[in-house]
Participant: 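Could you have a look at this structure, given as structure tokens, before my questions?
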Amino acid sequence: LFVGDLDKVVNLLLSLSGRLARVETALGSLGPHTPLSCPQLALREKQRLLVAQLEDAKELKEHVGRREEAVGAMVARYLPAEHLQDYQHFVKMKSALIAEQRELEEKIKLGQEQLRCLRESLGQASKDC
């Protein structure tokens, strides 16, 4: 259960961080001197909500961290030292691998989007000739 919760919390943190970054990028592209508009107000509200959700997710991560310590102490009583090190390595790598997987998925998504745009622009160029 602990590992499943760790997986969910790490994915939640990554998801919220990514969404917040996209909102902040969109706000940044509007420029600092852009008069307030409905889309900008909506983006600012979304940003406010995402920041609050990210803070909540960080609290969940802290809770999972405390559970990790409790579960680790319990597991240490039953596993030999070699297996305990394997368990600790697994827990440590789980979060890192989830983050790496998410990063690779984002790169694939970006590459696919760039490829689609390139194909569209090539299609437009051949129609113009």
Side-chain angles (χ1 to χ4, degrees):
L1 289 175
F2 156 70
V3 173
D5 288 347
L6 175 65
D7 186 37
K8 290 173 189 167
V9 169
V10 169
N11 275 314
L12 178 63
L13 283 167
L14 292 171
S15 176
L16 290 171
S17 297
R19 290 172 57 199
L20 181 59
R22 287 190 291 279
V23 167
E24 289 175 345
T25 299
L27 281 170
S29 70
L30 294 176
H33 303 295
T34 305
L36 286 178
S37 63
C38 284
Q40 189 176 20
L41 289 173
L43 284 172
R44 291 207 184 279
E45 178 62 16
K46 187 179 276 192
Q47 179 187 33
R48 187 187 66 75
L49 290 172
L50 287 170
V51 166
Q53 290 174 342
L54 190 57
E55 289 303 315
D56 290 344
K58 287 177 182 177
E59 287 179 24
L60 285 173
K61 176 72 168 109
E62 290 173 11
H63 176 72
V64 168
R66 289 189 296 273
R67 279 186 54 208
E68 178 181 353
E69 292 174 14
V71 169
M74 184 177 64
V75 168
R77 287 185 281 192
Y78 296 101
L79 291 180
E82 181 183 318
H83 291 120
L84 179 60
Q85 287 177 345
D86 289 342
Y87 167 78
Q88 291 168 336
H89 179 72
F90 168 76
V91 171
K92 180 180 167 185
M93 293 305 297
K94 180 78 172 165
S95 296
L97 290 173
I98 291 169
E100 187 175 334
Q101 178 185 7
R102 181 63 66 101
E103 184 179 333
L104 290 172
E105 288 170 352
E106 289 293 322
K107 286 181 180 180
I108 289 169
K109 194 175 182 182
L110 177 63
Q112 289 171 337
E113 180 67 20
Q114 289 174 337
L115 184 58
R116 185 187 62 77
C117 290
L118 183 59
R119 285 183 177 148
E120 286 176 5
S121 69
L122 288 175
Q124 284 292 86
S126 65
K127 289 179 183 176
D128 292 340
C129 295

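Values below: every heavy atom of this structure, side chains too, minus hydrogens, waters and symmetry copies. Numbering starts at 1 and runs along the sequence shown.
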Participant: Evaluate Glu69 against Arg66 for salt bridge (Lys or Arg N to Asp or Glu O under 4.0 Å), listing each step before the verdict.
Facilitator: CA-CA 5 Å; Glu69 292 174 14; Arg66 289 189 296 273; over 6 Å; no
Participant: Can any side-chain N or O of Ser17 pair as donor or acceptor with the backbone N or O of Leu13 at less than 3.5 Å?
Facilitator: yes
Participant: Only one of Lys109, Lys107, Gln101 clears side chain to side chain donor-acceptor pair (under 3.5 Å) with Glu105; which?
Facilitator: Gln101
Participant: Looking at CZ of Arg19 and CG of Leu49, how far apart are the two atoms once the value is rounded to the nearest 0.5 Å?
Facilitator: 9.5 Å
Participant: How far does CG of Leu115 sit from CD of Glu120, to the nearest 0.5 angstrom?
Facilitator: 10.0 Å
Participant: Counting only heavy atoms not in Arg119, do more than 12 sit closer than 6.0 Å to its CZ atom?
Facilitator: no
Participant: Using the side chain to side chain contact (heavy atoms under 4.5 Å, CB included) rule, pick out the option among Asp56, Leu50, Val51 that qualifies with Leu16.
Facilitator: Leu50
Participant: Donor-acceptor check, side chain of Ser95 to backbone of Lys92, threshold 3.5 angstrom: yes or no?
Facilitator: no
Participant: Hey, are the side chains of Val64 and Lys8 touching, using non-hydrogen atoms and a 4.5 Å cut-off?
Facilitator: no
Participant: Is there a side-chain contact between Phe2 and Val91, using heavy atoms and a 4.5 Å cut-off?
Facilitator: yes
Participant: Which atom names give the shortest non-hydrogen contact between Ala57 and Leu12, and what distance separates them?
Facilitator: CB-CD2, 3.8 Å
Participant: For Val23 versus Leu43, what's the shortest heavy-atom pair and its separation?
Facilitator: CG1-O, 3.5 Å
Participant: As an exercise, state the distance from CZ of Arg44 to CG of Leu27, rounded to the nearest 0.5 Å.
Facilitator: 5.0 Å
Participant: Counting only heavy atoms not in Leu1, do more than 12 fall under 6.0 Å of its CG?
Facilitator: no
Participant: Side-chain contact, heavy-atom cut-off 4.5 Å: Leu84 with Gln88?
Facilitator: yes
Participant: How long is the span from the CD atom in Glu103 to the CD1 atom in Ile108, to the nearest 0.5 Å?
Facilitator: 11.0 Å
Participant: State whether the side chain of Asp7 and the backbone N or O of Val3 hold a donor-acceptor pair below 3.5 Å, judged by distance alone.
Facilitator: no
Participant: Nearest 0.5 Å, please: how far is CG in Leu79 from CD in Gln85?
Facilitator: 11.5 Å
Participant: Any heavy-atom pair between the side chains of Leu97 and Phe90 that's under 4.5 Å?
Facilitator: no
Participant: Please report the interatomic distance CG(Leu54) to OG(Ser15), rounded to the nearest 0.5 Å.
Facilitator: 10.0 Å
Participant: Any salt bridge linking Arg48 with Glu45? Criterion: basic side-chain nitrogen under 4.0 Å from a carboxylate oxygen.
Facilitator: yes
